[in-house]
Amino acid sequence: MNDDFLLLNPGPVPVAPEVREAMAEPMVSHRSADFEAVYERAQDGLDYVFEHSTPDGEATAGSGTSLICNGTATMAMEAAVANLVDDDSEVVALVNGKFGRRFARIADRHARCTRVEADWGDSLDLDAVREAVDDDTDVVTMVHNETSTGLLNPVPEVGEIAADHDARFVVDGVTSIGGDEFRIDDWGVDVAVTDAQKALAAPPGVSALYATRDAAEAFDGESAPFYEDLEWHLRKAESHQTPFTSAVPLFRALAAAVERIREEGMPDRIARHRRQSAAFRAGFGALGLERFPDPEGPTELSNTLTAIALPETVREDPDAFFDAVAERNVSISGGQAHLGGEIFRVSNMGELADERLLRGVRTVGAALADVGVDADPEAGVAAAREEL
Ligand code: PLP
């Protein structure tokens with residue numbers, strides 16, 4: 001691995017040198033004042049991100065608490081659901097991609113779950129959501145930015161539906177929070193989940209959630225897995241600790257990463273992510289590529305990652321294309337589950353420099369040309385540069 005390596009996967013994403021260096025500091029006890037100071041810095045930065053993810057920086061929440069989980073986003077997703085339900089609870093899970101499906105699978109283990117499904121890549125049907133959510137619904141789950149398809153789902157509209165029936169609304173903002181707009185109170189979100197390794201630009205291994213005061217009061221830690229008892233997490237968080245041994249180096253890296261976000265400011269960060277995703281889309285369009293479905297309806301294109309359909313000829317041997325990208329020291333992602341071999345995905349989460357984005361477009365163009373597609377890499381670069 002060297003400085004020339006370009007990581008464009010939708011997580012983990014590259015981390016700044018000071019974030020990397022934070023992990024190399026001498027070890028301390030997770031029960032020490034040194035560690036408590038780290039936890040507090042990370043929590044302050046997370047509060048800023050969760051509460052000010054708006055294009056103008058105005059506050060969009062304020063009553064709640066940020067918590068850091070010693071595990072990736074799936075842990076925080078499960079913790080959020082499991083602390084709000086018991087076996088007899090009714091969950092409605094919205095599924096139009098891999099991570100929406102994950103929420104449904106989690107809900108299956110802890111409650112009774114009804115799915116509102118759309119094909120992966122299609123828009124969610126709000127009428128179907130209205131039909132499924134009723135006064136017996138305890139929790140609605142959805143993914144804001146569906147990483148498997150590069151789509152942004154209509155959280156505000158679903159938040160209204162959940163609120164009309166007094167259902168708790170648990171939202172996965174794993175690949176949007178820290179890079180795109182996310183309004184906790186305005187959108188009626190009760191618990192929001194994110195991950196260190198995505199738009200927060202910290203290393204993988206820890207995740208975070210924000211629980212509004214109402215949601216925190218509704219938590220029943222006893223109904224959750226022992227490790228995910230959020231009442232216990234909340235109690236320990238008051239003294240800036242976790243119930244169990246904290247992943248000290250990862251908490252330090254997270255603290256450094258969220259401080260960088262605060263320095264940039266969420267308005268500039270959101271604008272940058274929007275500009276860069278537009279540049280990726282324009283660049284790939286100029287290479288003659290088509291987006292992986294353009295959704296019709298309330299679901300929109302993501303501002304933090306881009307999914308592109310592989311041309312028919314490339315689908316016959318997708319490995320040749322992905323190898324040609326990797327040979328250029330660039331890492332991109334393919335499709336997940338049944339989308340394997342049909343699409344590729346790149347991310348602009350975190351702190352991607354414009355020049356590196358252009359290199360990503362050029363690399364994809366050159367790799368396509370290697371496998372016989374009539375694509376002009378420099379046309380892609382020029383179109384992307386226009387948007388930047
Ligand atoms: N939710 C979304 C939207 C994601 O993109 C991911 C990971 O890519 C997750 C949840 C789960 O993360 P992990 O598998 O690292 O727990």
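What you see below is based on every heavy atom in this structure, not just the backbone, and it leaves out hydrogens, waters and symmetry mates. In each ligand, atom 1 is the first atom listed, and ligand 1 is the first ligand listed. Remember, it's a predicted structure, so these values are computed and weren't measured experimentally.
- For ligand 1, the atoms sitting less than 4.0 Å from at least one non-hydrogen atom of Asp172 are 1 (N), 2 (C), 3 (C), 10 (C), numbered in the order shown with element in parentheses.
- Evaluated for a side-chain hydrogen bond (donor to acceptor under 3.5 Å, both in side chains) with Thr175, the options Asn303, Thr304, Thr147 yield exactly one hit, Thr147.
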Could you pull out all donor-acceptor pairs under 3.5 Å where a side-chain atom in residues 198-208 meets a protein atom, sequence neighbours excluded?
{"from": "Lys198", "atom 1": "NZ", "to": "Pro10", "atom 2": "O", "distance (Å)": "2.9"}
{"from": "Ser207", "atom 1": "OG", "to": "Gly71", "atom 2": "O", "distance (Å)": "2.7"}
{"from": "Ser207", "atom 1": "OG", "to": "Thr72", "atom 2": "O", "distance (Å)": "3.2"}

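- The atoms of ligand 1 that sit less than 4.0 Å from any heavy atom of Gln197 are 15 (O).
- Counting protein heavy atoms only, atom 7 (C) of ligand 1 is closest to Lys198 NZ, 3.2 Å.
- Look at Met75 and you'll find every heavy atom at least 4.0 Å from all atoms of ligand 1.
- The backbone of Asn145, and not its side chain, has at least one atom closer than 4.0 Å to an atom of ligand 1 (non-hydrogen atoms only; backbone = N, CA, C, O).
- Nearest protein heavy-atom contact of atom 6 (C) of ligand 1 is Phe99 CE2, 3.3 Å.
- Every residue meeting the side-chain hydrogen bond (donor to acceptor under 3.5 Å, both in side chains) condition with Asn9, not counting sequence neighbours, appears here in chain and number order: Ser331, Ser333.
- Ligand 1 has a nitrogen or oxygen under 3.5 angstrom from a nitrogen or oxygen of Arg102.
- Under 4.0 angstrom from ligand 1, the non-hydrogen atoms of Val174 all belong to its side chain.
- Contacts between Glu146 and ligand 1, counted as non-hydrogen atom pairs separated by less than 4.0 Å, are absent for every part of the residue.
- With respect to atom 5 (O) of ligand 1, the closest heavy atom belonging to the protein is Thr147 OG1, 2.5 Å.
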